[in-house]
Amino acid sequence: MSSVRDHVLDQYSSRVYKNRKEHVITVGDNETDVIAANTRTIPGIMTQRGCCYAGCKGVVLGPIKDALIIVHGPIGCSYYAWGTRRHKAFADERDGENADCYLEYCFSTDMQEADIVFGGEKKLRKSITEAMGIFHPTAIFICSTCPVGLIGDDIHAVAKWATEEYNIKCIGFSCEGYKGVSQSAGHHIANNQLIRYVIGTGDRAPKQKYSVNILGEYNIGGDGWEVEKLLKRCGIEVVSVFTGGSSYRDIKNSHLATLNLVQCHRSINYVAEMMYEKYGIDWIKVNFIGIQSSKESLRSIGEYFGDEALKARIDEVIADEISNVFDEMQYFKSKLKGKTAALYVGGSRSHHYQLLLKDFGISTVLAGFEFAHRDDYEGREVIPTIKVDADSKNIESLTVEPDPKFYRVNLSDEQKKDLEEKGIKLNYYEGMMKGMDAGSIITDDLNHFETEEFLKILKPDVFLSGIKDKFVVQKSGIMARQLHSYDYSGPYAGFHGAVLFGRDLFMGLSTPAWGLVKAPWKKVPSLEGTLGGEE
Amino acid sequence: MLDYTPKEITERTALRINPCKTCQPVGAMYAALGVHKCLPHSHGSQGCCAFHRMFLTRHFKEPVVATSSSFTEGSSVFGGGSNLKTAVKNIFDLYNPDMIAVHTTCLSETIGDDLNALIQDNPVAEGKYVVHCNTPSYKGSHILGFTNMVSGFINYLSVKTDTPNGKICLMPGFVNPGDMREYKRLMKAMKVEFTMLPDTSGVLDTPMTGKYNMFPDGGTKIDDIKGLGDCIKTVALGIQTSEASAETLKKKCGVDYKELPLPMGVEATDEFIMTLGDISKEEVPFEIEEQRGQLVDIMLDIHPYTYGKKVAIYGDPDTVLGIAAFALELGMIPKYMLTGTPGAQFERSAAELLAKYAVEDCTYKADADLFLLHQWIKNEGVDLLIGGTYGKHIARAEGIPLVRMGFPIIDRYIHSYMPLVGYKGGIRMAELIVNALMDYQDSHCEEKDVEVVM
């Protein structure tokens, strides 16, 4: 299989080759399986990556429904993030406290040339005043775009002013697009400010004995609601979700939960780690994508709390959920078994969905992350060995101290050891690579050229990625579905979601149009009837 | 749905809410895709390029390729010259287009990268081109970006020789591939030789063959862009979008131009056809006359359902004006006309249209947003909304049927294949409008009033 990798990489010029060879590996081929990640994309290479702003506003903050997010910059940045990510939410009331939902709205300072030349702070302040007058939000977030950092607008000073002037929570996020090397920098910036200004500021204690936060669940297509439903059935209270369908109202109380569940490791691991340091809250890596994964995730939660009644309840829920979907899963498995897939998604889904594909007997021949770090591939144990480069250094790494009031230790070292023996490692993510078959290919920051070339050779039945490569792949005759937006379907999480995913894959593979691609006259032998010299 | 939008309109001078425009670079990217074997290149941080590709892909449901200079914090301080140099080399190595069309972003504009100098300092192989245009996102809208890219191609490539080529230069305006195909059909029928710049047909509406082709057959040929200097005339469709580019060609090569509104509805299409006829000195063929007659016939047939109906139209300036002109021909009242794109011409043209039909009490505004449109509607309702996807929340909140026309339409399919221009486009607009109104009647009238024959 390494010849596949070489065949693709050998087509590069020497300088590009030198860079890309570090980002593409064949599983099991190297002794160490080290992959380069979270480094600069080479200009002109046609990456699918986005920017820091996309990671901060688009990914982490955007779903927080009751925060009125003003994007400070020219109009485009806010416009492109307007309702385009399918993080569902609605306004609701809980314990007498309302959480508004501003997701149908798009706010921007729409900077003009004069604002660039003379500074945009005045317009930003005025925008906040106008937003207060119309919407009366409890929280306003300000997100910076490229020119803001360059001209030196101090959004944090404006945020401070607004907080005092209007007695609201106003937070600045300096997530200019040029920072870092991908969306990843933006995740980190958003995580830092949430820890600094939001988490720990509420006092609504959980009502149930067992309570969790779900971290890195963005409720795409309603995934988060599916997970919440499952946890509720088991008797586990969800204090907050970071950040799908969630609210400032809930997130500020998240420090009062007992356990953090981490779904998307990349985008939220900083919050998980900092909550561990500051509040002593352990986190476990979960994955609610796939039957087997959902089952294991629920059981890990039961083991963490160690309550036999809870564990029994969880087993009951699992058995019931599985019995509900068993026939359909078997049916789709019979249709999909033996197929192959390639995945290229953000920072976790390429891993999570391999496990769901496995539920259907589909094997993965290629997988890559768009903005992951080495730990997402190789496991958190490699973090101490990751070289911090100039781009990462520019992103603030926040240090937190144990909180004098709220820090507590939930499990003794002995209990933790017990858990580890059961295969549940706290505050740890094993990464994608360990679960992949030898010979399969991993590509970090898979670009347009590599997508085309790898697919030509590997010919997977299914390609799962984003909107920018979907139609490239579909045009070349391979079924392609978006795993960022689920092609407007979903939820895919949990037991019921797995069935929907199987249904969608089967639909994609068997839609009759595939059989009509070739016109009948193209199938008929072209040399028919006439012989040479008859003219 | 949009529950926080109050009826009472307060003055806003800073906060933009629910915009009806986006930024220049996406328009430039769209224009550059309409040149054969041309790869659009975004000189800025990666996010811009990713967003624009995403957005265009969602509108066309087609592959949209473009590259980025992938600025880092360092390039933002020291300039993006070396990023562009690396990008150009890699693009020709890997993707081998004939031309790279660079557009700037608010990032590279704010730091003041001099693209003229950067491109001049980086010679490329014989027969290959790197061109650019400036598209600062903090000025104008995606419409200006489109205009600037078209002008950029002319500035770099078009030359005047001593031999006129007998062709016209057609500037299509910011329209879909389906519209561009219709222009070409009409020009062919009118026996007018032409170069259309840009031409996204055959690029963003390619057939399924089982083989992906990064540079499909469509798009204006580079040689034809060079030859624009020898055209006998420019016909610039969509005044706000196309006039500036026509002016650029006039200044550079002395090609005279005629600017026309987008040929939407009967009279605007008549004007386009007459202009073509003036140039070719050909009679209007039966096939066109027949289609015109069909459209007018349809308009007479459906007038009981359209006459006097109030409609709110929003979107890009030339498109809104084109739809409004047709709405007026149908006897409808364009109660609100709104664009997010700034520019005085929109309001001037809107006023002229209304005056022509002596229709009063209508409101129109450029440089406005959909939040304001919704507030207008809350104060005085309409029977129909016409515009892009982002009006769907208003439509639902107020229970008004929505007809999707223009840009962007990211929640429906096929629209980009179907023209809105020409008489054929008029027939389609008529069908969409009357069906929306009649479907609404069918689903909202009392049961006893449901009609079988309408």
Side-chain angles (χ1 to χ4, degrees), chain A residues 13 16 40-51 53-54 70 73-76 78-80 82 100 104-113 115-116 123 126-127 130-131 133-135 146-147 150-151 177-179 181-182 390-391 394 448-449 452 467-468 471-472 475-477 517-518, chain B residues 1-2 4 6 10 12-19 21-23 25-26 44-48 50-51 53-55 57-58 61-63 65 67-76 83-84 86-91 93-95 105-107 110-111 136-139 208-212 393:
Chain A
S13 66
V16 176
R40 292 180 187 178
T41 295
I42 312 167
I45 211 85
M46 212 183 303
T47 176
Q48 314 293 1
R49 278 178 168 179
C51 64
Y53 161 82
I70 298 178
I75 196 66
S78 195
Y79 190 79
Y80 302 119
W82 181 12
D100 291 322
E104 292 148 15
Y105 292 90
C106 168
F107 305 97
S108 168
T109 54
D110 191 6
M111 284 174 101
Q112 299 298 303
E113 194 160 26
D115 307 314
I116 302 288
K123 195 171 192 189
K126 185 91 202 299
S127 295
E130 290 173 1
I134 298 170
F135 296 93
C146 291
L150 298 172
I151 63 172
Y178 55 76
K179 287 186 174 165
V181 299
S182 70
D391 298 307
N394 285 336
H448 180 95
F449 171 78
E452 271 201 82
I467 184 73
K468 296 190 289 294
F471 295 105
V472 170
K475 287 265 187 220
S476 67
V517 172
K518 198 153 221 170
Chain B
M1 192 69 23
L2 299 176
Y4 309 101
T10 46
R12 273 180 294 130
T13 56
L15 185 66
R16 182 68 74 199
I17 314 172
N18 296 358
K21 66 167 177 186
T22 181
C23 62
V26 76
S45 54
Q46 272 155 202
C48 310
F51 274 143
R53 291 178 61 203
M54 168 202 89
F55 209 67
T57 306
R58 284 179 172 160
K61 321 286 184 199
E62 286 285 306
V65 287
T67 47
S68 166
S69 288
S70 294
F71 272 49
T72 58
E73 201 150 356
S75 4
S76 307
N83 292 54
L84 186 66
T86 310
V88 167
K89 184 187 179 318
N90 287 331
I91 292 164
D93 275 359
L94 264 186
Y95 301 115
T105 58
C106 49
L107 171 53
T110 304
I111 64 173
S137 319
Y138 42 76
K139 237 182 175 172
M208 176 69 195
T209 60
K211 201 173 169 301
Y212 168 70
H393 300 110

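Note on naming: letters A, B, ... go to the chains in the order of the sequence lines (proteins, then strands), and numbering restarts at 1 for each one.
If you measure heavy-atom distances from V517(A) to chain B, the contacts under 4.5 Å come from both the backbone and the side chain. Heavy-atom distances place the backbone of S69(B), and not its side chain, under 4.5 Å from chain A. At a 4.5 Å heavy-atom cutoff, the contact between T10(B) and chain A is made by side-chain atoms alone. The part of S45(B) that comes within reach of chain A is its side chain, from C-beta onward, which places non-hydrogen atoms under 4.5 angstrom from that chain. Residue contact with chain A, scored on non-hydrogen atoms closer than 4.5 Å, is absent for V88(B). Using a 4.5 Å cut-off between heavy atoms, Y105(A) touches chain B through backbone and side chain atoms alike. Within the 4.5 angstrom heavy-atom criterion, atoms from both the backbone and the side chain of N83(B) approach chain A. For K21(B), the parts sitting under 4.5 Å from any heavy atom of chain A are the backbone and the side chain alike.
Side-chain contact between T13(B) and E130(A) is present, with heavy atoms from C-beta onward closer than 4.5 Å. Residues I45(A) and T67(B) have side chains not in contact (no heavy-atom distance under 4.5 Å, counting atoms from C-beta outward). A 4.5 Å side-chain heavy-atom check between L107(B) and L150(A) finds at least one atom pair inside the cut-off. Two residues are said to be in side-chain contact when any heavy atoms from C-beta on lie closer than 4.5 Å; F471(A) and K61(B) meet this criterion. T109(A) has its side chain out of reach of R16(B): every pair of non-hydrogen atoms, C-beta onward, lies at least 4.5 Å apart. A heavy-atom distance below 4.5 Å is found between the side chains of I17(B) and F135(A). Using a 4.5 Å cut-off on side-chain heavy atoms (C-beta onward), K468(A) and R58(B) make no contact. The shortest distance between side-chain heavy atoms of W82(A) and N18(B) falls below 4.5 Å.
How far CZ of R12(B) is from CG of D110(A): 10.5 Å, rounded to the nearest 0.5 Å. We find the CD-OH distance between E452(A) and Y212(B) to be 5.5 Å, quoted to the nearest 0.5 Å. In this structure, OH in Y138(B) is found 10.5 Å from CD in Q112(A), a value given to the nearest 0.5 Å. Rounding to the nearest 0.5 angstrom, the gap separating the OH atom in Y178(A) from the OG1 atom in T110(B) is 10.0 Å. Going from atom CD1 of I467(A) over to atom CE of M54(B) covers 9.0 Å, rounded to the nearest 0.5 Å.
Across P6(B), G47(B), A14(B), the residue that shares the most heavy-atom pairs under 4.5 angstrom with chain A is A14(B). Among G44(B), G74(B), S137(B), S76(B), the residue making the largest number of heavy-atom pairs under 4.5 Å with chain A is S76(B). Among A54(A), C51(A), C106(A), the residue making the largest number of heavy-atom pairs under 4.5 Å with chain B is C106(A). Listed options V26(B), L94(B), T209(B) were ranked by heavy-atom pairs under 4.5 angstrom with chain A; first place goes to L94(B). Comparing S476(A), G76(A), C146(A) by how many heavy-atom pairs each has under 4.5 Å with chain B, the most go to S476(A).
Not less than 6.0 angstrom separates the ring centroid of Y79(A) from the ring centroid of F51(B). The ring of Y80(A) has its center closer than 6.0 angstrom to the ring center of F55(B).
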Criterion side-chain contact (heavy atoms from CB on, under 4.5 Å) on D93(B) and V16(A), from CA distance to verdict: CA-CA 10 Å; D93(B) 275 359; V16(A) 176; 6.0 Å; no
Verdict with supporting geometry, M46(A) and S68(B), side-chain contact (heavy atoms from CB on, under 4.5 Å): CA-CA 7 Å; M46(A) 212 183 303; S68(B) 166; over 6 Å; no
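Among all heavy-atom pairs drawn from T47(A) and S70(B), the shortest one is CG2-OG, 4.5 Å. Q46(B) and T41(A) get closest at one heavy-atom pair: OE1-CB, 3.2 Å. The nearest pair of heavy atoms linking P19(B) to I75(A) is CB-CD1, 3.6 Å. Taking each heavy atom of A50(B) and G50(A) in turn, the nearest pair found is CB-CA, 3.9 Å.
With hydrogens and angles ignored, the 3.5 Å screen pairs a side-chain donor or acceptor of N90(B) with a backbone N or O of P43(A).
The side-chain contact (heavy atoms from CB on, under 4.5 Å) test applied to T72(B) returns R40(A), D391(A), S75(B), not counting sequence neighbours. Taking the side-chain contact (heavy atoms from CB on, under 4.5 Å) definition, one finds that H393(B) meets it with E104(A), M1(B), L2(B), sequence neighbours left out.
The pair K139(B)-E113(A) counts as a salt bridge, with a side-chain nitrogen and a carboxylate oxygen less than 4.0 angstrom apart.
Between the side chains of D100(A) and Y4(B), at least one donor-acceptor pair of N or O atoms lies under 3.5 Å.
Counted within 6.0 Å of NZ on K123(A), heavy atoms from surrounding residues, nucleotides or ligands total more than 12; the atom is thus considered enclosed.
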